*Asks:* 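Before anything else, here's the structure in question.
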Amino acid sequence: MTITDYDPRVLKAPHPVPGAPDNWKRFFSFNTDAKVIGIQYFGLSLLFLLLGGLLAMVMRGELITPPADLVDPSVYNGLYTMHGTVMLFLFLFPVLNGFNNLLIPTMIGAPDMAFPKLNALAFWLVPVFAVVLLSSFFVPGGPASSGWWSYPPMSIQNPLGHFINGEFLWILAVAISGVSSIMGAVNFVTTIIGMRAPGMGYFRMPVFVWTAWAAQTLQLIGLPALTGGAIMLLFDLSFGTSFFRPEGGGDPVLYQHFFWFYSHPAVYVMVLPVFGIFSELITVYSRKPLFGYKFVALASFIITFLGLIVWVHHMFYTGTPQWMRNLFMVTTMLIAVPTGVKVFAWLGTLWGGKIRLTTSMLFVLGGLVNFIFGGITGVMLGTVPIDIHLGNTYFVVAHFHYIIFNTIGFGVFAGIYHWFPKFTGRMYYEGLGKIHFTLTFIGATLNWLPLHWAGLYGMPRRVASYDPEFALWNVIASIGAFMLGVASIPFILNIVSSWARGPRATPNPWRAIGLEWLLPSPPPAENFEDDIPTVISEPYGYGMGHPLVEDEEFYIRRSLEA
Amino acid sequence: MTSTRRSPRKGPPLRLLAVVLVCTLIDVAASYQISRWAYGWLPVPASTAAPYVDDLFSLEVGIGAFIFIGCVGFIIWSILFSRAEKYDESDGLPIQGNTKLEIIWTVIPFVIVMALASYSIHVNETLATLGPKQKYDVAVNQAPEAVATPDATREVGPVEVISRQWSWEFIYPNGVRSSELHLPVNLRANFLLSSNDVIHSFYIPAFRLKQDIIPGSVISYSLTPTREGRFRLRDAMFSGAYFSQNQTNVIVESERNYDAWLTSTAKLPMVQGLSPGTPLYEKRLKEGNRGWATVAPAAPPMVNDPGNPEAPHDS
C-alpha cells in the first residue's frame, strides 16, 4: 500500500537550489533535486553518445574496405571495445537514469527521490568513472582492447606488463559504474514502493514506473555478479591470482558465467524502460487506453524473472553440455511470450485510435517496427543449431543493434521529444524533429539490415579486415553509419535552439493523462509540494470521461497559473 | 423472416473478416516465398549439419516473416486509416482490453516457440557434434590428448587441432602436420580441439558449425563433411590484434585423394606453416611499432604441408 504520511522534514527541507529556476549553475553542482539530476544525466550521456558514435564512424571507415588499412588492427580492437563500453556504460545506462529521475517522482506524485543525496552521489560517480575509462586512451599501450566482454585469458595478457594499463582502468571503471548503478537502483525501487501518491495502488501506476521497477530489480540482483567477476578479473590481471587463468588451474569459462549473469539481463534493464516509454506514448498519440494494461504491467516482471535464467545462451558453443544448452534454449525462447504480449498490446492500442504522428510518435512506431524485427532474429539466435552457425558473426551484431539502437535508441529519442516541454518549459521544433527521425530511420536501416546477410554468409564479428566477398554489405553499412552521424545535427540543433528560444510550453501540450502533466512546465522543485493528489482511476483513461485524480480542476488551474 | 437483405448489424464484421482473410492469405504467400529465399542467404551446405540448420532457419524465417509482415502491415493500416484530423481533439474508442484475445496471443507464441525448441533439441541430438570437454594440467605441460576422449563413432581421426595467436595447426593420426585442414568427404571426422594461449573458435560457415576452444581444456568434436571443395575456416572468438587474419582453409576431398595426400605428405620435410599475423607484425615493428599494445604472434608451427592460402575458396 502507499505511504502518505511523509516525514515533514523531507517535504519542508530547504531546497538547496538558491534563487530562481533559471539558475544554470545548479546543473554543474552537487544538487539533490531529482529533476536537476535527471537533466544532468541527459546532458552528460548525450555528449557520450556523440563520442561513442564518433568511435563507431572510425570503425565503419575502417570496415568500408576489406583490408585493415585505415588504422592498425590493434587500434581497431581498442576502438570497438571503447565504442561498446562508452555506449553502454556512459550513454544508455545514464540516459535511462535520466528518465528515471525525471519521471518516477513526477509520475507517482512524490516530491523527490527517497534518498536525494545518494541519488546525487550515484550521478557524480558517472563523470568519475568516465574520466577513469577515457584516461585509458592516454596510458602506454592504449585502452582495453578485448571487447566489452573482456573475456580472459585474452583480457589479462597485458602485453607491456605495466601495472596501470588500459584493461586495469577499464575494469576499475566498470566496477565503479556498478556501484553507481546499485545506488541508483536502491533509490528507484524504494521510491516506487514507498512514495506513491495516495490512491496509487500498484495497478494504478503508469507502465513506465512498472518497467523502471522491473529493470532496477534486475540491477539489484545481477550487478553483484558482474562486480564480483570484475574484481576477480582485476586480481588475475594485476595480482597474479588464478581465478580464470588455466595455467594456475583456473577456468576461463567461469568468468563468462559471472559476466553474462548480469550482462544479459542488462539488455532488459535497458529495454524495459523503453517498453514503458512506448506504452506511455502510444496511448497519448492514439488517444486510447492501453490495451490490456494489467497484462502489460505484469509482463515486465515476467521478463525480469526470465531474464535472469537465460544467460547461458551466450555460451552455446563454449563447450556447454547438451542438457544445459537445451534448458537455456527453452528459457530463452519463453521470453518471446511476455514481449509478444507487449507488442500485441501496443498494436491493439493503435487499433481504431486517433493517431497523431508527432516526432516522438514517429520514433515510437519506427522503434516498434525495429523491435519486432530484432525480436524475431533474437528467437533465431536463441535456437541452438542456428546459434551454432550465427553466434559471434555479424548477424549477432546486426541483431543486437536492432535492439540496442533501433529500439532502445529510438525509444530514448521518442521520450526526449515527448517530455522535453514538461521539463524545460519549451516546445521543440517539429520540422527539425521529423528530419532527425527520417535520417535516423534510413541510416539505421542501411547500417544494420545488410549486416544480417554478412553474418549469414559467415563474417565473424570484431574483425578489422575481412574476405572480399563481404565488401558489398559493409559498404552499405558504412554509408548508413555516416548518415546516422549526420542525423545528430538536426537533433542537437533542435534541442539547443528549442531550449534557448523555443515557444513556451503549456503544462499539458499533448493533452496527456498522467500526474506529471498536472504539474506546471517545468515543475517546481518539490513537484506537488503540500497538495499531493489522490489518484482515483487507472492510468491512460483516454475517452473514458472520468478524472485521474480527486479535484483535478484544482491541479489543472494551479499548473496554468504557475 | 425471409428477407434477402443482410441485417445491417452483421455487415461490418463480415467485411472485416473478408479483409483479414485476404490479408492473411497474402501474408502467408509472401512469407512462404521469403522462407524459400532464405536458403540462398547461406553459404553452400557442406556438412550433415547444414541441411538441418538451413531447414530450421528457413522455417523460422517463414514464421518470422509472417509475424513481421502481419504486425507492420497492421501498423501501416492504422497509420493510414486511423489518423486524427488536424483539429480533431476527440479520443479513440475506449477499449481497455479483451481477455480472450490476450490469452490467445499468449498461448499461440508459447506453442510456436516451444515447438521450435523441441525440434531444435531433436536436431542437437541427431548431430551429436559435441563430445566431452576435459581439463588438462597446463602447469606441468600435460599433453591435451592424454586426457581426451576421442569419439567412438569416428571414421577419421582423431585429428588434433591446435589454435594459437594467430595460426592453426592440424596433426593427423599418422603424424602428418598441416596448416590447412584436409578431410575425406562423407566420413565422420573427430577432432581434439586445444589452445595454448587464449580462447579461439573453430568455425566453418559452410559446415554451419562452430566450437570454441578453451585453453586448459581439450574438447572432442565430430562432424561429417558432405561436399568436396575448399571452405574457409575462421577463428570466430576474438583473440587479439590479428584475430581477423586467423583463417585457413578446409579441403574436403574424396577418400582416395585424402589417403593419397596423407601418404605423400608424410614424406615431405617440415617447413614453416601459415601464420598470417607474423608478416603483419614484422611490418608493424619495421614501421616503428606504432599502434596499441599487442602480444607478439606465436612462432609459426612447423608442418609438412603449409597449404596455399591464396587458392580461391568455395565459401
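Computed over heavy atoms, backbone and side chain alike; hydrogens, waters and symmetry mates excluded. Proteins get letters first, then strands, A, B, ... in listed order; numbering begins at 1 in each. Just so you know, these numbers come straight off a predicted model, no measurement behind them.
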*Asks:* Tell me, side chain or backbone of Y151(A) under 4.5 Å from chain B's heavy atoms, or both, or neither?
*Replies:* side chain
*Asks:* Tell me, side chain or backbone of R245(A) under 4.5 Å from chain B's heavy atoms, or both, or neither?
*Replies:*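 For R245(A), there is no contact with chain B at all, as no heavy atom is under 4.5 Å.
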*Asks:* Go through the steps for K354(A) and D88(B) under the test salt bridge (charged side-chain N to carboxylate O under 4.0 Å, His left out), then give the verdict.
*Replies:* CA-CA 8 Å; K354(A) 299 272 186 177; D88(B) 179 3; 3.1 Å; yes
*Asks:* Q256(A) versus chain B, heavy atoms under 4.5 Å apart: side chain, backbone, both or neither?
*Replies:*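 Side chain of Q256(A) only, per the 4.5 Å heavy-atom cut-off to chain B.
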*Asks:* Among the options G391(A), G147(A), S286(A), G541(A), pick out the one with the most heavy-atom pairs lying under 4.5 Å from chain B.
*Replies:* G391(A)
*Asks:* Is there a side-chain contact between Y293(A) and Q96(B), using heavy atoms and a 4.5 Å cut-off?
*Replies:*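 Not touching, per the 4.5 Å side-chain cut-off.
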*Asks:* Between V75(A) and G291(B), which heavy-atom pair has the shortest distance, and what is it?
*Replies:* CG2-CA, 3.8 Å
*Asks:* Thinking salt bridges, do D251(A) and K135(B) make one under a 4.0 Å N-O criterion?
*Replies:*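 Here D251(A) pairs with K135(B) in a salt bridge, since their nearest N and O are under 4.0 Å apart.
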*Asks:* Between N392(A) and chain B, which part of the residue has a heavy atom less than 4.5 Å away: side chain, backbone, both or neither?
*Replies:* both
*Asks:* Check each atom of I376(A) against the heavy atoms of chain B and say whether the ones under 4.5 Å are side chain, backbone, both or neither.
*Replies:* side chain
*Asks:* Against chain A, label V295(B) side chain, backbone, both or neither, depending on which of its atoms sit under 4.5 Å from a heavy atom there.
*Replies:* both
*Asks:* Answer with side chain, backbone, both or neither: which region of E247(A) has an atom nearer than 4.5 Å to a non-hydrogen atom of chain B?
*Replies:*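 Backbone plus side chain of E247(A), per the 4.5 Å heavy-atom cut-off to chain B.
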*Asks:* Which atoms of W149(A) are under 4.5 Å from chain B, going by heavy atoms: the side chain, the backbone, both sets, or neither?
*Replies:*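 For W149(A), side-chain heavy atoms alone lie under 4.5 Å from chain B.
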*Asks:* Who wins among P109(B), P43(B), G64(B) for the most heavy-atom pairs under 4.5 Å with chain A?
*Replies:* P43(B)
*Asks:* For chain B, which candidate among N158(A), L357(A), D387(A) shows the most heavy-atom pairs at distances under 4.5 Å?
*Replies:*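 Answer, by heavy-atom pair count under 4.5 Å with chain B: L357(A).
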*Asks:* Would R284(B) and S74(A) satisfy side chain to side chain contact (heavy atoms under 4.5 Å, CB included), going step by step from the backbone distance to the final call?
*Replies:* CA-CA 11 Å; R284(B) 170 181 156 133; S74(A) 62; 3.0 Å; yes
*Asks:* For E469(A) and R234(B), work out which heavy atoms get closest and say how close.
*Replies:*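 In this case the closest contact between E469(A) and R234(B) is OE2-NH2, 3.5 Å.
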*Asks:* Name the member of I372(A), I386(A), L390(A), D72(A) that forms the most heavy-atom pairs with chain B at distances under 4.5 Å.
*Replies:*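 Sorted descending by pairs with chain B, the first entry is I386(A).
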*Asks:* Name the member of P460(A), P289(A), G142(A), G382(A) that forms the most heavy-atom pairs with chain B at distances under 4.5 Å.
*Replies:* P289(A)
*Asks:* With a 4.5 angstrom heavy-atom cut-off, which part of R511(A) approaches chain B: side chain, backbone, both or neither?
*Replies:*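 Contact with chain B: side chain only.
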*Asks:* Would a 4.5 Å heavy-atom cut-off, applied to side chains only, mark F207(B) and H389(A) as touching?
*Replies:* no
*Asks:* Who wins among M459(A), M544(A), M315(A), Q157(A) for the most heavy-atom pairs under 4.5 Å with chain B?
*Replies:* Q157(A)
*Asks:* Let's test your reading of the structure: which of F238(B), Y221(B), F81(B) forms the most heavy-atom pairs below 4.5 Å with chain A?
*Replies:*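 Option with the top pair count is F238(B).
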*Asks:* What verdict does the ring pair (Phe, Tyr, Trp, His ring centres under 6.0 Å) test give for Y317(A) and F202(B), after you've listed the backbone C-alpha separation in whole Å, the side-chain angles of each residue and the deciding distance to 0.1 Å?
*Replies:* CA-CA 10 Å; Y317(A) 37 76; F202(B) 178 78; over 10 Å; no
*Asks:* Side-chain contact test, heavy atoms from C-beta onward, threshold under 4.5 Å: evaluate it for F74(B) versus W351(A) and give yes or no.
*Replies:* yes
*Asks:* Step by step, would you call Y457(A) with L42(B) a side chain to side chain contact (heavy atoms under 4.5 Å, CB included)?
*Replies:* CA-CA 5 Å; Y457(A) 285 118; L42(B) 292 155; 5.7 Å; no
*Asks:* Counting only non-hydrogen atoms closer than 4.5 Å, does L56(B) touch chain A with its backbone (N, CA, C, O), its side chain (CB onward), both, or neither?
*Replies:*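 Contact with chain A is through both the backbone and side chain of L56(B).
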*Asks:* Which bit of T320(A) comes within less than 4.5 Å of chain B, counting heavy atoms only: side chain, backbone, both or neither?
*Replies:*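 Backbone of T320(A) only, per the 4.5 Å heavy-atom cut-off to chain B.
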*Asks:* Compare every heavy atom of G319(A) with every heavy atom of K133(B), then report the nearest pair and how far apart it is.
*Replies:* CD-O, 4.0 Å
*Asks:* Does the side chain of P143(A) reach to within under 4.5 Å of the side chain of W292(B), using non-hydrogen atoms?
*Replies:*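 Yes - at least one pair of side-chain heavy atoms lies under 4.5 Å apart.
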*Asks:* Could you give me the CA-CA distance, side-chain angles and deciding distance for Q247(B) and D467(A), then say whether side chain to side chain contact (heavy atoms under 4.5 Å, CB included) is met?
*Replies:* CA-CA 10 Å; Q247(B) 309 192 0; D467(A) 283 340; 3.3 Å; yes
*Asks:* Of the backbone (N, CA, C, O) and the side chain (C-beta and beyond), which part of T318(A) lies under 4.5 Å from a heavy atom of chain B, both, or neither?
*Replies:* both
*Asks:* Do S465(A) and Q245(B) have side chains that approach each other closer than 4.5 Å (heavy atoms only, starting at C-beta)?
*Replies:*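 With C-beta onward as the side chain, the pair touches.
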*Asks:* With heavy-atom distances below 4.5 Å as the criterion, would you say the side chains of P252(A) and I214(B) are in contact?
*Replies:* yes
*Asks:* Let me know if F244(A) has heavy atoms under 4.5 Å from chain B in its side chain, its backbone, both or neither.
*Replies:*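 For F244(A), there is no contact with chain B at all, as no heavy atom is under 4.5 Å.
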*Asks:* I need the minimum non-hydrogen distance between A84(B) and R356(A), along with the two atoms involved.
*Replies:* CB-NH2, 3.7 Å
*Asks:* Any idea which of V369(A), T349(A), L160(A) has the most non-hydrogen atom pairs under 4.5 angstrom with chain B?
*Replies:* V369(A)
*Asks:* Where on P152(A) is there a heavy atom nearer than 4.5 Å to chain B: the side chain, the backbone, both, or neither?
*Replies:*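 The backbone, not the side chain.
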*Asks:* So do F57(B) and P385(A) actually touch side chain to side chain, heavy atoms under 4.5 Å?
*Replies:* no
*Asks:* Report yes or no: does K288(A) contribute a side-chain atom to a donor-acceptor pair with the main-chain N or O of P94(B) at less than 3.5 Å?
*Replies:*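 Such a contact is absent between K288(A) side chain and P94(B) backbone.
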*Asks:* As a quick check of understanding, evaluate side chain to side chain contact (heavy atoms under 4.5 Å, CB included) for I355(A) and S78(B), giving each step before the final call.
*Replies:* CA-CA 8 Å; I355(A) 297 172; S78(B) 300; 3.8 Å; yes
*Asks:* For P153(A) and I199(B), work out which heavy atoms get closest and say how close.
*Replies:*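 In terms of heavy atoms, the two residues are closest at CD-CG1, 4.0 Å.
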*Asks:* Is M329(A) close to chain B through its backbone or its side chain, or both, or neither, when contacts mean heavy atoms under 4.5 Å?
*Replies:* side chain
*Asks:* Any sub-3.5 Å donor-acceptor pair from D91(B)'s side-chain atoms to G543(A)'s backbone N or O?
*Replies:* yes
*Asks:* Quick one: are W105(B) and F295(A) in side-chain contact, heavy atoms under 4.5 Å?
*Replies:*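 Heavy-atom side-chain distance check fails, nothing below 4.5 Å.
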*Asks:* Under 4.5 Å from any heavy atom of chain B, what part of L290(A) do you find: side chain, backbone, both or neither?
*Replies:* backbone
*Asks:* Could you tell me if R462(A) and S244(B) have a donor-acceptor pair between their side chains, going purely by distance under 3.5 Å?
*Replies:* no
